[in-house]
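A quick write-up on the structure given underneath.
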Number of protein chains: 2
Amino acid sequence: MKSKKGLSMKDIAKLSGVSVATVSRVLNNNGRFSEETRKKVMEVVEKFNYQTNLVARSLRTNRSQIIGVIVPDITNEFFAAIVLAIESYCFLKGYSVFICNTNEDEEKETAYFKDLIAKGIDGLIYISGKSDKISKETLLKDIPIVFIDRKPNISSNDIVYIASDNYKGGVLATEALIKRGCRNIMILKDIRNLSTVTQRYLGYRDTLMKYNINLGEEYIVNVKKVDFEEARKAVKESIKKGLTFDSIFACTDWLAMGAIAALKEEKIAIPDRVKVIGFDNISISKYSHPAISTISQNPEKLGKTAAKVLLDLIEGKTNKTTNYILPVELVLRETT
Amino acid sequence: MKSKKGLSMKDIAKLSGVSVATVSRVLNNNGRFSEETRKKVMEVVEKFNYQTNLVARSLRTNRSQIIGVIVPDITNEFFAAIVLAIESYCFLKGYSVFICNTNEDEEKETAYFKDLIAKGIDGLIYISGKSDKISKETLLKDIPIVFIDRKPNISSNDIVYIASDNYKGGVLATEALIKRGCRNIMILKDIRNLSTVTQRYLGYRDTLMKYNINLGEEYIVNVKKVDFEEARKAVKESIKKGLTFDSIFACTDWLAMGAIAALKEEKIAIPDRVKVIGFDNISISKYSHPAISTISQNPEKLGKTAAKVLLDLIEGKTNKTTNYILPVELVLRETT
DNA sequence: GAATTCTGTTAAATTTTTTCATAAATAATC
DNA sequence: GATTATTTATGAAAAAATTTAACAGAATTC
């Protein structure tokens with residue numbers, strides 16, 4: 001693959017009869033030059049459709065106008081929406097984004113992180129990553145980092161954390177069920193204690209306490225993976241064990257989907273005998289049957305906020321390290 | 001944001017008492033060096049966790065180990081699955097990917113294309129892009145390009161086209177409906193004549209002909225946008241107009257979703273009075289009510305194939321410009 | 001003693017930005 | 001109006017980190 005290399009500044013300089021430095025000055029509107037030379041240079045630039053070699057610029061300036069986004073799974077609608085928002089904002093501001101799917105694989109995360117640094121990214125957005133492993137290395141290079149969704153267990157000047165109000169979401173979901181007469185509320189959640197899930201759980205727990213509801217450990221049903229099948233099996237098992245519950249707070253819409261499948265199979269009427277509420281408000285929750293009540297997050301806002309904060313940090317427009325907690329909303333549909 | 005720049009080869013050279021070139025040779029396992037020096041160098045490299053500056057390498061070698069992916073909307077599950085497959089394969093092979101959402105905006109497409117070239121990408125995957133606008137510029141720089149899904153209206157040595165067998169999909173869908181007794185089959189499709197949709201339509205048309213079914217123009221219902229609401233409105237309008245149809249072939253699952261919503265609102269029984277079949281087999285089609293029969297594509301295979309072909313082209317392992325048409329499958333569910 | 005092999009050094013190349021120096025033009029001073 | 005001071009425009013050269021090619025010296029083999 002021989003590549004017909006494009007013109008370089010040197011060529012432009014020669015063609016327009018000035019020095020390389022002058023071309024650079026004109027192109028970047030930086031330093032002094034006469035109107036006359038500007039015109040001369042720009043004519044040649046346009047005639048030959050000259051494009052700056054961004055690799056060379058990056059080497060020289062140590063700035064790349066590139067950020068990295070590390071995300072578990074872009075196939076997940078919620079993450080995809082966040083990424084889209086990041087990408088859109090970055091495009092507007094002249095940044096490109098490296099997309100890095102980790103599938104929660106720590107090794108892949110570390111490998112990507114190193115590679116991104118070596119490629120000279122200006123900043124990094126970490127969506128729900130494992131976040132602990134890289135802490136030390138991260139802090140050595142100091143590019144700004146923004147965490148979305150999952151809280152990092154490290155802190156630094158250049159680190160910001162952005163998430164939805166998961167605690168409030170847990171409260172809203174639980175209260176919605178209690179207001180509809182439920183007392184035996186099962187919570188269906190990821191077994192790993194991710195900050196997001198933990199917050200939702202705490203909202204649930206505190207709300208039960210507030211209403212003087214006391215439930216045994218068996219009402220906390222953990223699944224190994226946030227996945228339709230896992231949820232279906234777990235709920236089915238609880239039914240088989242004879243657990244009496246009148247509602248399920250699923251910490252994810254996909255878990256809710258699985259729970260509903262189990263209930264249907266057992267011919268348990270929704271919402272009459274058991275009510276269900278999910279979390280995330282992914283599109284499927286609206287169109288599945290029955291339509292799932294849920295707590296909606298705003299992934300666009302999460303993504304845009306993250307991108308904005310990161311770019312501001314990169315460009316030195318801010319250096320405050322405040323965290324952002326975005327509001328959630330209760331969406332009532334047919335399962336409650 | 002002062003950046004504590006990492007060590008350079010020069011530092012490693014100094015620290016291990018050899019020359020820069022020697023360090024390079026050791027690191028790239030290129031040229032000759034003694035085992036002794038190798039050890040000396042690697043010790044220092046590991047001790048200080050040296051990372052090659054990929055920007056400098058890229059500048060010198062004119063190779064970046066980066067590819068670009070231009071995609072209309074990563075939020076679309078089908079595209080997301082393709083992108084994930086691309087990314088996974090690239091990661092395995094040591095490439096990173098720039099993700100570029102265009103939202104079908106031609107200007108954004110062109111801007112991204114230029115930027116990607118300036119950033120020195122080694123190759124490009126175009127998913128269902130507008131593909132015509134950039135043709136000339138594309139061919140000037142000669143990096144290999146692989147098109148997925150939508151057929152480019154240009155051809156070149158370095159261009160490959162990969163898609164599902166959309167024609168066959170159209171045939172399968174239409175035959176499935178005919179076999180279930182349908183004769184008045186509406187086709188619901190995107191008004192833009194994208195190669196994918198056109199192929200599906202031709203499959204439909206030819207199948208009707210094969211079975212001697214003759215339908216008026218009014219059975220071809222076009223929507224401006226592939227979108228739930230558009231489909232709902234369009235189908236509703238056809239009903240109001242008094243069109244008699246016993247089935248709908250929707251060229252996309254999302255269109256099928258909208259069609260079903262319209263039918264439900266009009267209290268038309270599915271599949272008893274009207275059967276529906278979609279295209280793509282996105283996850284929602286399985287879980288919506290009634291579950292949608294559809295033609296399944298294999299986005300993972302599309303993405304992986306595209307990535308493999310592109311990387312082979314980049315690395316000169318192949319230079320054949322064959323196109324790939326991947327098989328589709330009929331998935332029967334409740335709407336037929 | 002010549003040819004071959006091995007090892008390491010030096011210098012050039014990639015493209016852009018920046019610093020420094022010089023030349024030219026303009027303004028300020030007496 | 002001549003001299004100095006200031007401003008403006010431009011070019012030359014260095015720097016950024018790496019790879020590669022040319023080269024030189026030493027060791028080995030024939």
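So you know, we letter chains A, B, ... as the sequences are listed, proteins then strands, and number each from 1.
- Ring centroid separation for the pair A:F91 and B:Y112 comes in under the 6.0 Å cut-off.
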Residue pair A:E87, B:K108: steps toward the salt bridge (charged side-chain N to carboxylate O under 4.0 Å, His left out) verdict: CA-CA 12 Å; A:E87 194 265 0; B:K108 215 176 160 191; 3.7 Å; yes
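- The phosphate of D:dA17 has neither OP1 nor OP2 within less than 4.0 Å of any side-chain N or O from B:S8.
- A distance of 6.0 Å or more separates the ring centres of A:Y161 and A:F147.
- Put simply, B:T52 has no side-chain N or O that comes within less than 4.0 Å of OP1 or OP2 on D:dA17.
- Checking the phosphate oxygens (OP1, OP2) of D:dA17, no side-chain nitrogen or oxygen of B:R57 falls inside 4.0 Å.
- Under the 3.5 Å distance criterion, the side-chain polar atoms of A:N28 are matched with a main-chain donor or acceptor of A:S24.
- Side-chain nitrogen and oxygen atoms of B:T22 include none within less than 4.0 Å of the OP1 or OP2 phosphate oxygen of C:dT7.
- Within 4.0 Å (heavy atoms only), A:T37 reaches sugar-phosphate atoms of the nucleic acid but no base atom.
- OP1 or OP2 of D:dT18 has at least one side-chain nitrogen or oxygen of B:Y50 nearer than 4.0 Å.
- No hydrogens or angles considered: nothing links the side chains of A:S164 and A:N298 as a donor-acceptor pair under 3.5 Å.
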Show each protein N/O and nucleotides 20-23 of chain D N/O combination with a separation under 3.5 Å, one pair to a line.
{"unit_1": "D:dT20", "atom_1": "OP2", "unit_2": "B:N30", "atom_2": "ND2", "d": "3.4"}

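- Rounded to an integer number of Å, the gap from A:M9 CE to D:dA12 P is 16 Å.
- Taking OG1 of A:T318 as the reference point, atom CG of A:L313 lies at 6.0 Å (rounded to 0.5 Å).
- When the local axes at the two ends of the helix from C:dG1-D:dC30 to C:dC30-D:dG1 are compared, using 5 base pairs at each end, they differ in direction by 50° after rounding to 10°.
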